[in-house]
**Student:** 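One structure is given below, represented as structure tokens, and several questions about it will come after.
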Amino acid sequence: TIPSSVISIGESAFNDCSSLRDIILHSPITSIESSLFKGCSSLKQITIPSSVTIIKERAFNGCCSLTRVTIPSSVTQIKEFAFNKCRLLKRITIPSSVASIEDGAFCDCALLEKITIPSSVMEIGSSVFSKCSSLLQITIPSSVTKIGEGVFRGCSSLTNITINSSFDAIISSFFFGCKSLTEITIPSSVTSIGYQAFNGCSSLTEILIPPSVTSIKGSAFSGCSSL
């Protein structure tokens, strides 16, 4: 337990503390600094205080025993690779205070089955859910206006995705290797489908391409053997 007298903890403070099993943080800590718990391979749970507003780069990267984390409603940003390789994390709820989820934030969370994205989120970075091989379904809210490439690359169990968003492109490798995806409706706001966007979606039996689409890049539907 970190005492409440501590008001800040510097980056990488507990980096590679491989025997650390659980930790309780208290207010008034306002940020989980970069690589703070990176490589804490035995860490199973953590209490993040409601004073925290940002979870920085690689904060929990490689916490491969982490099974549960509650992100408080004070958090507005989840930075790059914050929970990368948290391979035992099954579910996570992103609070409605969060505006952006940056590159690779939940990349390679192999057991992550469900994640809720609130309508406060406006931007989802590249590869955010890449290699989340247990992810079954997800809804992208209408608030999202920008999504990076490869966001669902390798989500091999993804069967259902609802896109309510108004972004203008399905960009490169968006659904690359989503071999369980059977159908998808592309929003009417989309004007282009990027390189390898649906490559390897071998269960995809139907796709509705709206008349707004003017460009389909190379290998966009390569390996879609059920189409």
Side-chain angles (χ1 to χ4, degrees), residues 30-32 47-57 59-60 68-84 86 89-107 109 111-132 134-153 155 157-175 178 180-194 197-198 207-210 212-213:
T30 58
S31 66
I32 305 296
T47 300
I48 301 174
S50 59
S51 54
V52 170
T53 60
I54 184 170
I55 300 173
K56 292 191 177 181
E57 297 86 350
F60 297 99
R68 184 176 62 185
V69 63
T70 300
I71 300 174
S73 58
S74 53
V75 172
T76 59
Q77 293 181 75
I78 301 172
K79 303 293 280 186
E80 295 96 333
F81 300 99
F83 294 95
N84 181 40
C86 291
L89 197 61
K90 287 188 175 183
R91 295 190 177 203
I92 195 159
T93 299
I94 298 171
S96 58
S97 53
V98 173
S100 65
I101 307 169
E102 300 194 8
D103 297 354
F106 298 98
C107 179
C109 291
L111 291 186
L112 187 65
E113 297 175 349
K114 184 177 181 181
I115 189 162
T116 302
I117 302 174
S119 58
S120 58
V121 173
M122 295 181 287
E123 182 175 347
I124 299 173
S126 298
S127 303
V128 165
F129 302 109
S130 177
K131 300 181 185 178
C132 291
S134 298
L135 188 65
L136 297 172
Q137 59 183 24
I138 195 164
T139 297
I140 300 175
S142 58
S143 57
V144 176
T145 57
K146 183 179 180 182
I147 299 184
E149 65 180 37
V151 67
F152 297 109
R153 185 184 180 111
C155 292
S157 298
L158 187 67
T159 58
N160 184 20
I161 182 165
T162 302
I163 303 175
N164 295 322
S165 181
S166 59
F167 56 87
D168 61 3
I170 304 289
I171 62 176
S172 299
S173 303
F174 203 93
F175 294 107
C178 292
S180 298
L181 191 66
T182 56
E183 61 179 279
I184 187 169
T185 300
I186 298 174
S188 59
S189 58
V190 170
T191 60
S192 66
I193 298 173
F198 294 92
I207 189 163
L208 300 175
I209 301 174
S212 56
V213 173

**Student:** Tell me, please, which residues at least two apart from Ser134 pass side chain to side chain contact (heavy atoms under 4.5 Å, CB included).
**Tutor:** Leu111, Glu113
**Student:** Among residues two or more places apart or on two chains, list those pairs meeting side-chain hydrogen bond (donor to acceptor under 3.5 Å, both in side chains) that have a residue in residues 89-102.
**Tutor:** Lys79-Glu102
**Student:** How close do Ala82 and Ile55 get, counting heavy atoms only, and between which atoms?
**Tutor:** CB-CG2, 4.0 Å
**Student:** Taking only residues at least two apart or on different chains, which pairs with a member in residues 47-57 satisfy salt bridge (Lys or Arg N to Asp or Glu O under 4.0 Å)?
**Tutor:** Glu33-Lys56
**Student:** Identify the residue among Ile147, Val151, Val121 that makes a side chain to side chain contact (heavy atoms under 4.5 Å, CB included) with Ile101.
**Tutor:** Val121
**Student:** Supply the atom-to-atom distance Leu112 CG to Phe83 CZ, rounded to the nearest 0.5 angstrom.
**Tutor:** 11.0 Å
**Student:** Show your working on side-chain contact (heavy atoms from CB on, under 4.5 Å) between Ile163 and Val190 and close with a plain yes or no.
**Tutor:** CA-CA 11 Å; Ile163 303 175; Val190 170; over 6 Å; no
**Student:** Go through it in stages, so that I can follow the logic: the residues are Leu135 and Phe106, the test is side-chain contact (heavy atoms from CB on, under 4.5 Å), and I'd like the CA-CA distance, side-chain angles, deciding distance and then a yes or no.
**Tutor:** CA-CA 11 Å; Leu135 188 65; Phe106 298 98; over 6 Å; no
**Student:** Would you please name every residue forming a side-chain hydrogen bond (donor to acceptor under 3.5 Å, both in side chains) with Ser130, sequence neighbours left out?
**Tutor:** none
**Student:** Please give me the minimum heavy-atom distance between Ser188 and Ser212, naming the atom from each residue.
**Tutor:** O-OG, 2.8 Å
**Student:** Quick check for you: to the nearest 0.5 Å, what is the distance between Leu136 atom CG and Ile115 atom CD1?
**Tutor:** 13.0 Å
**Student:** What is the distance from atom CZ of Phe167 to atom CD1 of Ile140, rounded to the nearest 0.5 Å?
**Tutor:** 5.0 Å
**Student:** As an exercise, state the distance from CD of Glu149 to OG of Ser127, rounded to the nearest 0.5 Å.
**Tutor:** 7.0 Å
**Student:** Nearest heavy-atom pair of Leu181 and Thr159: which atoms, and what distance?
**Tutor:** CD1-O, 3.8 Å
**Student:** Supply the atom-to-atom distance Ile161 CD1 to Phe152 CZ, rounded to the nearest 0.5 angstrom.
**Tutor:** 3.5 Å
**Student:** Roughly how far, to the nearest 0.5 Å, is CG of Asp103 from CD1 of Ile124?
**Tutor:** 11.5 Å
**Student:** How close do Pro95 and Pro118 get, counting heavy atoms only, and between which atoms?
**Tutor:** O-CG, 3.2 Å
**Student:** Tell me, please, which residues at least two apart from Thr162 pass side chain to side chain contact (heavy atoms under 4.5 Å, CB included).
**Tutor:** Thr139, Asn160, Asn164
**Student:** Mind checking what makes side chain to side chain contact (heavy atoms under 4.5 Å, CB included) contact with Ser192, not counting sequence neighbours?
**Tutor:** Ala169, Ser215
